[in-house]
Amino acid sequence: MPELPEVETIRKQLQERIVGKKLNGKRITAVRRRAKLLIIDFVDGSSLVFHLKLTGQLLFNAQPSRYTRKVFVFDDGAQLVFNDLRKFGWWKKVKSFKEIEEKLGPEPLTLTLTVFRSRLVKRPKAKIKPLLMDQRFIAGIGNIYADEILFASQVQPIRRAGGLSLVEIKAIFQNIKKVLKAAIKAHGSSSQHYLDARGKKGQYVRYHKVYRRTGQKCPRCASLIRRIKMGGRSAHFCPQCQK
DNA sequence: ACAATATCCTGCGAGC
DNA sequence: TGCTCGCAGGATATTG
């Protein structure tokens, strides 16, 4: 799916466009994001929650296509179109968002080094890449940004959390924020299906250093980028300058 | 505790 | 042209 930066981009755009409108008679008070979830809040405290998974799109005032699964119509006639080629995405109405909140780890952008370290210490045997993608450990990072964060930190994806030095932990911590913020600035990564609420592509693919660059030169040391399988997902890294 | 696999679903490009 | 294979931004359940 859209990972944190993509959902955050959609959130900002929808916030500007739909707050104050009514959906099914209820006024919208806010558009929030938690991890990779998009949340539309209503005046009565209830929420409409979306998860876009791999191929979901939320388009404002777009024409429905063959992949449109749902069209939400606002009181003024504006529309929110939910498209999803692979049908993994979902939406649901909840009385309170707390029902969903419980299972999620901390938000990457407000995470502190102390919290990050204390959570790593509890999982010494776990490999760092699956850990970064584990939504209970830290919520919002997926395959693209896990690879890019580890490249920026010069740490290989197969490293065990317990074997990381303090310098490496700090680097990963800082790069989580740095990479995600830069990606938000670029409106996310449109590697394949992602479009923002305006139907436009994100530009962060330009800055990808390793993700889907197998066999190309590492921008730091010119070694060839390698791809390995980790738990059914691809991990991309530089075998030379990531230790 | 951790790893690997299957699963939901559809499409695309590569190779034969 | 048409087939099969592998791949695809997620997350969960199951099994070892």
Side-chain angles (χ1 to χ4, degrees), chain A residues 1-11 33-38 49-59 65-70 82-92 99-105 108 119-151 157-164 176 179-180 182-184 186-197 200-215 225-236:
Chain A
M1 111 181 202
E3 305 181 29
L4 185 153
E6 289 76 26
V7 181
E8 180 61 18
T9 301
I10 294 169
R11 184 200 70 75
R33 178 193 59 74
R34 173 72 171 98
K36 303 176 190 177
L37 297 164
L38 188 95
V49 182
F50 295 85
H51 198 314
L52 303 179
K53 292 290 182 94
L54 276 84
T55 57
Q57 301 172 338
L58 271 174
L59 304 174
S65 71
R66 58 184 291 213
Y67 302 119
T68 298
R69 310 296 172 202
K70 177 77 177 176
F82 184 95
N83 293 340
D84 191 10
L85 184 151
R86 284 170 75 181
K87 298 182 180 173
F88 294 162
W90 52 261
W91 66 89
K92 69 174 180 179
E99 298 169 30
I100 289 173
E101 173 70 35
E102 292 169 355
K103 298 165 191 166
L104 296 171
R119 293 178 81 83
L120 279 176
V121 167
K122 290 176 192 154
R123 307 286 299 276
K125 297 256 179 83
K127 289 174 182 163
I128 187 62
K129 176 165 178 191
L131 211 45
L132 289 179
M133 292 173 66
D134 181 343
Q135 302 301 298
R136 289 165 308 239
F137 179 79
I138 177 173
I141 298 170
N143 209 26
I144 295 179
Y145 297 108
D147 279 356
E148 294 299 323
I149 287 163
L150 290 174
F151 174 81
I158 48 163
R159 292 279 302 282
R160 308 251 172 204
L164 296 171
I176 285 171
V179 169
L180 294 178
I184 290 169
H187 300 301
S189 301
S190 290
S191 170
Q192 295 196 348
H193 303 277
Y194 168 72
L195 295 178
D196 68 20
K200 296 192 174 174
K201 292 184 174 187
Q203 300 302 311
Y204 195 69
V205 187
R206 293 180 192 173
Y207 305 101
H208 289 185
K209 306 280 197 293
V210 286
Y211 182 75
R212 282 198 150 197
R213 295 190 71 251
T214 312
I225 305 296
R226 190 175 293 170
R227 179 167 70 91
I228 58 169
K229 278 277 178 192
M230 287 185 85
R233 310 295 300 277
S234 291
H236 311 76

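Chain identifiers are assigned alphabetically (A, B, ...) following the order of the sequence lines, protein sequences preceding nucleic acid strands; residue numbering begins at 1 within each chain. Since the structure is predicted, the reported quantities are computational estimates derived from the model, not experimental observations.
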Can you tell if the side chain of A/V49 reaches within under 4.5 Å of the side chain of A/W90, non-hydrogen atoms only? yes

For the residue pair A/L131 and A/L120, establish whether any side-chain heavy-atom pair is separated by less than 4.5 Å. yes

Chain A vs DNA chain B, heavy-atom contacts under 4.0 Å, first-to-last nucleotide span, 5' to 3', is B/dC2 to B/dG11

Could you measure between the two P atoms, the one in C/dC5 and the one in B/dA6, and give it in whole Å? 14 Å

Within the 4.5 Å heavy-atom criterion, are A/L54 and A/L85 side-chain neighbours or not? no

Taken to the nearest whole Å, CG/A/L85 to P/C/dC7 is 19 Å

Which whole-number value in Å describes the distance from A/F88 CZ to C/dC7 P? 16 Å

Could you check A/D196 against A/E6 for side chain to side chain contact (heavy atoms under 4.5 Å, CB included), going step by step and ending with a plain yes or no? CA-CA 7 Å; A/D196 68 20; A/E6 289 76 26; over 6 Å; no

Whole angstrom value for the distance that separates C1' of C/dC7 from CD of A/Q192: 8 Å

Any donor-acceptor pair under 3.5 Å from A/E3 side chain to A/K36 backbone: no

Write down the distance between CD (A/Q135) and C1' (C/dT12), rounded to a whole number of angstrom. 12 Å

Minimum-distance nucleotide to A/K229 side chain [options: C/dT12, C/dA8, C/dA11]: C/dA8

When rounded to the nearest Å, what value does the distance between P atoms of B/dA4 and C/dC7 take? 16 Å

For A/R160, which contact category applies under a 4.0 Å heavy-atom criterion: base, sugar-phosphate, or nothing? sugar-phosphate

By nearest-nucleotide position on DNA chain C, the 5'-leaning member of A/R86 and A/R136 is A/R86

Side-chain heavy atoms of A/N143 within contact of A/K129, under 4.5 Å: yes

Tell me what A/G231 touches on the nucleic acid: a base, only sugar-phosphate, or nothing, going by heavy atoms under 4.0 Å. base

Side chains of A/R86 and A/T55: donor-acceptor distance under 3.5 Å anywhere? no

Contact between A/Y145 and A/P5 at the side-chain level, heavy atoms closer than 4.5 Å - yes or no? yes

Within this structure, what is the CD1-to-P distance between A/I141 and C/dA11, rounded to whole angstrom? 11 Å

Tell me: CZ of A/F137 to P of C/dA11, nearest whole Å? 15 Å

Do the non-hydrogen side-chain atoms of A/R213 and A/H236 ever get within less than 4.5 Å of each other? no

salt_bridge(A/D84, A/K70) N-O dist < 4.0 Å: no

Kindly express the pairing pattern of DNA chain C in dot-bracket notation, using | wherever a base pairs with another strand and counting only Watson-Crick or G-U pairs under 3.5 Å. .|||||||.|||||||

Rounding to an integer number of Å, can you tell me how far A/Y67 OH sits from C/dA8 P? 19 Å

Taking only the side-chain nitrogens and oxygens of A/S234, find out if one of them lies under 4.0 Å from OP1 or OP2 of C/dA8. yes

Answer with base, sugar-phosphate or nothing: what part of the nucleic acid does A/Y145 contact at a heavy-atom distance below 4.0 Å? nothing

Please state how far atom NE2 in A/H208 lies from atom P in C/dA8, giving the value in whole angstrom units. 14 Å

